[in-house]
Amino acid sequence: MANQPMLKFVKIPKDMPEKRDADTRKQDFDEIYQEYAAEKAAEQASRCSQCGVPYCQSHCPLHNNIPDWLKLTAEGRLEEAYELSQATNTFPEICGRICPQDRLCEGNCVIEKSGHGTVTIGSVEKYITDTAWEKGWVKPITPAQERPESVGIIGAGPGGLAAADVLRRQGVQVTIYDRYDRAGGLLTYGIPGFKLEKDVVMRRNDQLEQGGVTFELNCDVGTDISFDKIREKHDAVLIATGVYKSRDLGGPGAGANGIVRAIDYLTASNRKSFGDAVPEFDSGELNAKGKRVVVIGGGDTAMDCVRTATRQGATSVKCLYRRDRANMPGSQREVQNAEEEGVEFVWLTAPQGFAGDTDVSGVMVQKMRLGAPDATGRQAPEVIEGADYIEDADLVIKALGFEPEDLPTLWGEEALEVTRWGTIKADFRTHETALPGVYAAGDIVRGASLVVWAIRDGREAAEAMLEKFNAKATSVAAE
Ligand SMILES: Cc1cc2nc3c(=O)[nH]c(=O)nc-3n(C[C@H](O)[C@H](O)[C@H](O)COP(=O)(O)OP(=O)(O)OC[C@H]3O[C@@H](n4cnc5c(N)ncnc54)[C@H](O)[C@@H]3O)c2cc1C
Ligand code: SF4
């Protein structure tokens with residue numbers, strides 16, 4: 001990983017671009033989803049003041065060398081910009097599309113901080129790599145020589161794929177096991193296609209397969225093959241299984257038809273976009289068309305659900321969240337996007353149960369207010385006595401977050417140490433777990449997190465494995 005620069009106070013350069021109002025800044029953020037010409041990329045890139053203290057770089061989990069590739073883009077040297085950008089990021093065109101840049105690189109851009117509107121780093125990153133694919137600059141994976149070591153990766157999400165890429169480029173024999181029929185993890189079946197086009201993900205899967213990575217799909221580790229068997233077959237194993245246990249809601253009527261989990265709803269929508277047969281979508285069970293939709297939750301998954309529901313033709317879409325706008329965990333940019341698309345946010349509301357006999361007809365809602373800050377400084381929601389009502393709904397989507405599955409029990413491997421939250425314990429630098437030769441990366445270690453962090457973990461775990469393989473090869477040669 002590139003050295004992280006020391007942070008220090010930085011003076012805003014005098015030749016700063018003119019201040020931008022809130023609407024223009026929002027448009028800047030949204031450039032990611034617009035047609036993007038070379039001139040626009042160069043214009044944005046040239047707005048970088050080359051401030052000398054790259055907060056953007058230090059707030060990017062991959063420490064991408066942003067100022068330098070912006071400079072190259074501004075000078076029209078796109079191929080060099082691409083080479084630099086891909087040196088630290090396995091999937092720059094994916095991060096460019098779906099990183100919450102307002103919380104990472106762009107939110108810490110010196111120009112943004114001074115109120116002049118961020119340099120749209122994500123859009124430029126996406127543009128550079130999309131152009132590289134178009135122009136044939138993205139090279140196939142062709143290891144200089146094959147190595148004898150083999151690695152088994154459980155989970156074909158961004159963490160597993162990033163590790164596979166690093167290992168395969170060094171000639172390691174890599175097999176990825178995934179229980180789904182397509183690789184990509186949440187890139188494929190979680191994140192909606194209007195944020196991340198599926199051909200962009202499939203292109204990367206193809207690149208890995210053509211580079212010699214073996215995919216064992218439709219293979220649930222713990223059911224179709226045991227964890228022990230995988231350990232036996234490979235010199236090292238990476239667990240990158242993500243977190244898939246949805247947090248649930250109880251209360252009266254919780255079992256009624258029409259109350260669904262966000263992951264099922266989004267997966268059905270994504271499968272439909274692949275042209276798969278999805279009976280639950282066709283029957284209307286997982287389809288918002290013509291329905292009054294209520295989404296419960298305030299994170300980015302909830303935002304994906306409300307925005308998918310509006311696209312499917314829901315008659316109304318409301319989002320219930322128990323805190324207020326300022327205290328919601330999701331990206332403010334996503335909330336603004338959803339509002340512009342007609343979603344109504346009902347802040348300070350907590351579900352108590354559901355109305356309806358067989359089919360849901362509404363959510364029993366308790367109005368809340370924010371009380372005194374707790375030890376963490378966050379205001380806890382409190383019930384307003386007597387302020388409850390029913391929010392009408394034909395489809396209720398529960399988007400309350402995800403927890404890890406109990407892997408030690410599922411895999412019969414009690415020695416695999418987990419935290420009290422059920423995430424796997426792994427060394428923060430090497431990502432090795434309590435089991436020798438077994439590494440872990442991404443959400444299964446961090447809890448529900450971000451694609452860019454999974455990529456970073458996967459890359460670092462692969463590098464740690466290579467270090468070990470090399471050390472072993474050297475000691476064998478010396479004997
Ligand atoms: C709806 C939604 C939207 C999101 N949007 C964004 C976003 O816009 N930007 C962002 O940065 N992050 C977003 N995230 C978070 C991001 O997707 C995750 O942090 C990231 O995908 C984690 O990567 P991973 O490789 O750890 O796991 P995953 O992507 O979850 O992949 C894990 C893989 O492991 C497989 N697997 C699990 N168990 C087994 C088993 N026993 N045997 C075989 N295979 C198994 C799964 O099938 C899956 O393919 C979103 C998450 C969700 C749910
Ligand atoms: S990887 Fe994400 S955080 Fe890093 S520069 Fe790209 S968009 Fe920004």
Side-chain angles (χ1 to χ4, degrees), residues 32 56-57 59-66 69-70 85 88-109 118 120-126 129 153-163 176-192 195-196 216-225 227 230 238-244 246 262-263 265-267 269-270 299-305 308 330-331 334 399 401-402 404-405 407 410-411 440-458:
I32 289 171
C56 56
Q57 183 171 3
H59 285 84
C60 164
L62 295 163
H63 301 315
N64 285 340
N65 191 343
I66 300 164
W69 50 251
L70 285 176
S85 131
T88 47
N89 191 351
T90 318
F91 308 125
E93 74 282 25
I94 294 178
C95 292
R97 281 169 169 84
I98 48 98
C99 270
Q101 288 97 3
D102 51 344
R103 305 202 299 254
L104 302 170
C105 52
E106 294 182 10
N108 291 283
C109 165
T118 181
T120 53
I121 297 163
S123 309
V124 177
E125 188 178 28
K126 163 184 179 275
T129 316
I153 297 178
I154 310 173
L161 296 179
I176 308 186
Y177 304 85
D178 200 291
R179 62 180 167 205
Y180 284 148
D181 54 345
R182 291 184 179 91
L186 289 170
L187 302 177
T188 298
Y189 286 130
I191 301 174
K195 278 169 63 182
L196 176 60
E216 295 273 352
L217 299 175
N218 296 307
C219 178
D220 187 311
V221 175
T223 309
D224 300 311
I225 183 170
F227 178 62
I230 289 186
L238 177 70
I239 304 173
T241 49
V243 289
Y244 282 88
S246 299
I263 192 70
Y265 173 70
L266 292 171
T267 303
S269 172
N270 278 318
D300 287 336
T301 302
M303 297 311 106
D304 287 345
C305 291
T308 300
S331 155
E334 285 289 290
F402 300 95
E405 291 160 291
L407 291 186
L410 284 173
W411 291 352
D443 281 6
I444 191 60
V445 176
R446 294 177 178 273
S449 178
L450 292 174
V451 168
V452 65
W453 282 111
I455 295 174
R456 172 173 162 163
D457 289 354

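By convention here, the first residue in the shown sequence is residue 1. Read the numbers this way: they start at 1 and go in the same order the structure lists the ligands and their atoms.
Note: Y180 and Y189 have perpendicular aromatic rings, judged against thresholds of 30 and 60 degrees for the angle between ring planes.
With respect to atom 31 (O) of ligand 1, the closest heavy atom belonging to the protein is G157 CA, 3.3 Å. Annotation: atom 16 (C) of ligand 1 to nearest protein heavy atom, V451 CG2, 3.7 Å. For atom 7 (S) of ligand 2, the closest non-hydrogen atom on the protein side is E125 OE1, 3.2 Å. Protein heavy atom closest to atom 27 (O) of ligand 1, with residue, atom name and distance, is G242 CA, 3.5 Å. Counting only heavy atoms of the protein, atom 49 (O) of ligand 1 lies nearest to D178 OD2, 2.5 Å. Among all non-hydrogen protein atoms, the one lying nearest atom 8 (Fe) of ligand 2 is C105 SG, 2.3 Å. Of the protein's non-hydrogen atoms, T241 O, 3.2 Å is the one closest to atom 37 (C) of ligand 1. Given atom 2 (Fe) of ligand 2, the protein heavy atom at minimum distance is C99 SG, 2.5 Å. Nearest to atom 45 (C) of ligand 1 among the protein's heavy atoms is R179 CG, 3.8 Å.
Atoms of ligand 1 lying under 4.0 Å from at least one heavy atom of G442, given by number and element, are 26 (O). When each atom of ligand 1 is checked for a heavy atom of D443 under 4.0 Å away, the hits are 18 (C), 19 (O), 20 (C), 22 (C), 26 (O). Numbered from 1 in the order shown, with element, the atoms of ligand 1 that lie under 4.0 Å from a heavy atom of A240 read 32 (C), 33 (C), 34 (O). Against a heavy-atom cut-off of under 4.0 Å, G185 is close to the following atoms of ligand 1: 29 (O), 31 (O), 48 (C), 49 (O). Interface of G159 with ligand 1, defined as ligand atoms under 4.0 Å from a residue heavy atom, comprises 25 (O). Of all atoms in ligand 1, numbered sequentially from 1 with element shown, those under 4.0 Å from a heavy atom of Y180 are 47 (O), 49 (O). When each atom of ligand 2 is checked for a heavy atom of N64 under 4.0 Å away, the hits are 1 (S), 4 (Fe), 5 (S), 6 (Fe). For ligand 2 and L104, the ligand atoms under 4.0 Å from any heavy atom of the residue are 3 (S). In the vicinity of V452, heavy-atom distances shorter than 4.0 Å reach the ligand 2 atoms 1 (S).
Here's the thing with F402: none of its N/O atoms is less than 3.5 angstrom from an N/O atom of ligand 1. Checked against a 3.5 angstrom limit, the closest N/O atoms of L266 and ligand 1 fall outside it. Checking only distances, L186 does come within under 3.5 Å of ligand 1, N or O to N or O. For C99, no nitrogen or oxygen atom sits less than 3.5 Å from a nitrogen or oxygen atom of ligand 1, counting backbone and side chain alike. The shortest N or O to N or O distance between I191 and ligand 1 is not under 3.5 Å. Backbone and side-chain nitrogen or oxygen atoms of T301 are examined, and none is located within less than 3.5 angstrom of a nitrogen or oxygen of ligand 1. Looking at ligand 1, you won't find any N or O of E405 less than 3.5 Å from one of its N or O atoms. Checking only distances, I98 does come within under 3.5 Å of ligand 1, N or O to N or O.
Selection from K195, Q101, R103 by nearest heavy atom to atom 8 (O) of ligand 1 gives K195. Considering only non-hydrogen atoms, atom 40 (C) of ligand 1 lies nearest to V221 out of T308, L187, V221. Among G155, C95, P192, the residue whose heavy atom lies closest to atom 34 (O) of ligand 1 is G155. In the candidate list P158, A262, P404, P158 is nearest to atom 20 (C) of ligand 1, counting heavy atoms.
Contact annotation: S449 has at least one heavy atom less than 4.0 Å from an atom of ligand 1. At least one heavy atom of Y244 lies less than 4.0 angstrom from ligand 1. Ligand 1 is never approached by A183 to a heavy-atom distance shorter than 4.0 Å.
Closest non-hydrogen pair, W453 versus P61, comes out as CE2-CG, 3.5 Å.
Within the coordination shell of atom 4 (Fe) of ligand 2, defined by N, O or S atoms under 2.8 Å, C60 is present.
Contact check for D181 versus N218: side-chain heavy atoms found under the 4.5 Å cut-off. Residues I121 and N64 fail the side-chain proximity criterion, which asks for heavy atoms closer than 4.5 Å.
The CD1 atom of I153 sits 5.0 Å away from atom CD1 of I176, with the distance rounded to the nearest 0.5 Å.
Looking at K195 and D300, no side-chain N of the basic residue comes within less than 4.0 Å of a carboxylate O on the acidic one, giving no salt bridge.
The side chain of A454, and not its backbone, has at least one atom closer than 4.0 Å to an atom of ligand 1 (non-hydrogen atoms only; side chain from C-beta on). At a 4.0 Å heavy-atom cut-off, ligand 1 touches C219 through the backbone alone. At a 4.0 Å heavy-atom cut-off, ligand 1 touches D304 through the side chain alone. Proximity of C95 to ligand 2, defined as any heavy-atom pair under 4.0 Å, is shared by backbone and side chain alike.
Side-chain contact check for S331 and D102: at least one donor-acceptor pair (N or O, by modelled atom type) lies under 3.5 Å.
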